[in-house]
Amino acid sequence: MTPEVLARSLTRWFQKSRRDLPWRAVDPSTGQRKPYHALVSEFMLQQTQVARVLEFFPVFLQRFPTVESLAQARDEHVLAAWAGLGYYRRARLLHAAARTIVGEFSGRIPDDPETLRQLPGVGAYTAGAMASIVFGARVPAVDGNVVRVLLRVHGRAGAADDPRSLRFVHARASELVAVARHPGVVNEGLMELGATVCTPANPRCGACPWAAGCIARRDERTRDIPRPKRSPRVTGLVLRCAVVTDARGRVLLERAPAGALWAGLWRLPTAEMTPRRLAAALGLAGVSLRRAGRARATLSHRQVELRLWRGHAANPTACRAEDRRWFDLAALRRAGVSSAHRQALAGLLDAEPKKRPRRAPGPRSRQ
DNA sequence: AACGCGTGGGG
DNA sequence: TCCCCAAGCGT
């Protein structure tokens, strides 16, 4: 099928089937989407599904309604609003981008892809998406969905992360936006098609506007295109974590240092190695620690086991240290804490309904 | 260029 | 339970 035919049928399909997502709302005063809302949504959507972002987007915007409010915010508060969404570097990069936008562009979000690309956390995809979807620029926006959809419709074999596949897809996407009436609609339509119809497994070809001309479907190769990527190896990681409370029921947390997992978020005092005397190694001299179960977290590249050690601090000030703080339960709920640590703390937070109150029995092995 | 970085839903 | 993976980016 020619680019013209593809662009036209995709546009028609998208205008009929597009989901009503909050970041797609048009600002009546400008007739376009709010650039700041689009920016926040694009950062959240990096490697993250729509359903997940829907939970966080409105809350984040309520907390930081404008790019100025985000730029002025403290890093810790931005991280707290991101807690649970994952890939926390995005929160720092979005924060930095907001500061650049306010500091260098008077709070106006750039509208051309080259300038957008200079912002922290904005790569080729996000720059293309912002420029085309918000500002109408005639540039492609190639994400994982677009790669899959275009490889399939053209019947092009290859892995999704193969540079040759990506060059091919970029060329096809460029043809589409070149002939499109609304480049942003074509780009967003491609992603929508990949997310809702041309899915990795069990594509719903019956609902696809391109089904009649799809080469992969004709050749019954949708299952083989794209070839699966080489999966990164997942390594195990064991962390010893102290769950220490004081007489008022407050729990002691520390900020995960740069370079650590969940960098910048609050975590339980943690040791990676097995120290002879855990409490002393954690700077908790005088606290008697007892084994208290474990929590597991599966990350993209890491299988983490948190071995929990419970203790009480008779003298809270003795446990103070740089980047450590006592949290009461209310503060704990508001704090920037990863889902893994939130799960580990679930026992303390039982006022809060947890989806998975997994509580493994204590292992016999020494921790 | 390959790797590090979270999370929860679905098959 | 296990495996796949989703609107990527920085280094």
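To find a chain, count down the sequence lines: A is the first, B the second, and so on, and within it residues start at 1. Note that the structure is predicted; figures quoted are calculated from it, not measured.
Residue pairs meeting the ring pair (Phe, Tyr, Trp, His ring centres under 6.0 Å) criterion with at least one partner in residues 221-248 of chain A, sequence neighbours excluded, do not occur; the list is empty. Among residue pairs with one or both ends in residues 68-79 of chain A, those qualifying as salt bridge (Lys or Arg N to Asp or Glu O under 4.0 Å) are A:Arg74-A:Glu76, A:Asp75-A:Arg92, A:Glu76-A:Arg325; sequence neighbours excluded.
In this structure, A:Arg108 contributes its side chain and A:Ile101 its backbone to no donor-acceptor pair below 3.5 Å. For the pair A:Arg18 (side chain) and A:Gln15 (backbone), a donor-acceptor distance under 3.5 Å is absent. Remark: the backbone N or O of A:Leu308 is not paired with any side-chain donor or acceptor of A:Arg291 at under 3.5 angstrom.
Remark: the A:Thr235 side chain and the A:Gln303 side chain contain no N/O donor-acceptor pair separated by less than 3.5 Å. With hydrogens and angles left out, the side-chain atoms of A:Thr270 and A:Arg240 include no donor and acceptor closer than 3.5 Å.
Evaluation of the side chain to side chain contact (heavy atoms under 4.5 Å, CB included) rule for A:Ala211 yields A:Cys208, A:Arg217 as partners, not counting sequence neighbours. In this structure, the ring pair (Phe, Tyr, Trp, His ring centres under 6.0 Å) partners of A:Trp23, at least two apart in sequence or on a different chain, are A:Phe57. With sequence neighbours left out, the salt bridge (charged side-chain N to carboxylate O under 4.0 Å, His left out) criterion links A:Arg156 to no other residue. Qualifying side chain to side chain contact (heavy atoms under 4.5 Å, CB included) partners for A:Ser69, counting only residues two or more places apart in sequence or in other chains: A:Phe64, A:Pro65, A:Thr66. Residues satisfying the side chain to side chain contact (heavy atoms under 4.5 Å, CB included) test with A:Arg19, not counting sequence neighbours, are A:Leu21, A:Arg24, A:Val50, A:Glu192, A:Ala195, A:Thr196.
Of all the residues in residues 120-143 of chain A, A:Pro120, A:Gly121, A:Val122, A:Gly123, A:Ala124, A:Tyr125, A:Thr126, A:Asp143 reach under 4.0 Å from DNA chain C with at least one non-hydrogen atom. The stretch residues 168-178 of chain A has no heavy atom under 4.0 angstrom from DNA chain C at all. Listed by residue number, the members of residues 15-26 of chain A with any heavy atom below 4.0 angstrom from DNA chain C are A:Arg19, A:Leu21, A:Trp23, A:Arg24. DNA chain C is contacted by A:Arg89, A:Leu93 of residues 83-95 of chain A, taking any non-hydrogen atom closer than 4.0 Å.
We find that CG of A:Leu190 is positioned 16 Å from P of C:dA6, with the value rounded to whole Å. Whole-Å rounding puts the A:Leu306 CG to B:dG6 P distance at 14 Å. Rounded to whole Å, atom P of C:dA6 lies 23 Å from atom CZ of A:Phe57. Going from atom CH2 of A:Trp82 over to atom P of C:dC9 covers 13 Å, rounded to whole Å. One interatomic measurement links the two molecules: CG of A:Leu54 to C1' of B:dG9, which rounds to 14 Å at whole-angstrom precision. Separating the CE atom of A:Met44 from the C1' atom of B:dT7 is a distance of 14 Å, rounded to the nearest angstrom. Rounded to whole Å, the distance from CG on A:Asp161 to P on C:dC9 is 15 Å. Following rounding to the nearest Å, A:Phe43 (CZ) and C:dG10 (C1') show an atom-to-atom distance of 12 Å.
Under the 4.5 Å side-chain criterion, counting only non-hydrogen atoms from C-beta, A:Phe135 is in contact with A:Gln32.
For A:Arg302, a side-chain nitrogen or oxygen approaches OP1 or OP2 of B:dC5 to under 4.0 Å. A sub-4.0 Å separation between OP1 or OP2 of C:dG8 and a side-chain N or O of A:Gln47 is present. Between B:dT7 and A:Ser339, a contact under 4.0 Å exists linking OP1 or OP2 to a side-chain N or O. In this model, the phosphate group of B:dT7 is approached by a side-chain N or O of A:Trp262 to a distance below 4.0 Å at OP1 or OP2. Regarding contacts with the backbone of B:dC5, a side-chain N or O of A:His301 is found under 4.0 angstrom from either OP1 or OP2.
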A:Glu42 and A:Tyr125: CA distance, side-chain angles, deciding distance, side-chain hydrogen bond (donor to acceptor under 3.5 Å, both in side chains) verdict: CA-CA 9 Å; A:Glu42 288 299 343; A:Tyr125 160 73; 2.9 Å; yes
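With a 6.0 Å cutoff to the six-membered ring centre and a 45° limit on the axis angle, A:Arg52 does not count as a cation-pi contact of A:Phe56.
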Within the sub-3.5 Å range, which N or O atoms of nucleotides 2-5 of chain C have a protein N or O partner, and how far apart are they?
none

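Residue A:Leu119 holds its CG atom at 14.5 Å from CZ of A:Arg99, rounded to the nearest 0.5 Å. If you take CG on A:Leu70 and NE2 on A:His95, they are separated by 5.5 Å, rounding to the nearest 0.5 Å.
Using P as the reference atom, B:dG8 and C:dC9 are 23 Å apart when rounded to the nearest Å.
Of the two residues near DNA chain B, A:Pro163 and A:Val337, the one whose nearest nucleotide lies more 5' is A:Pro163.
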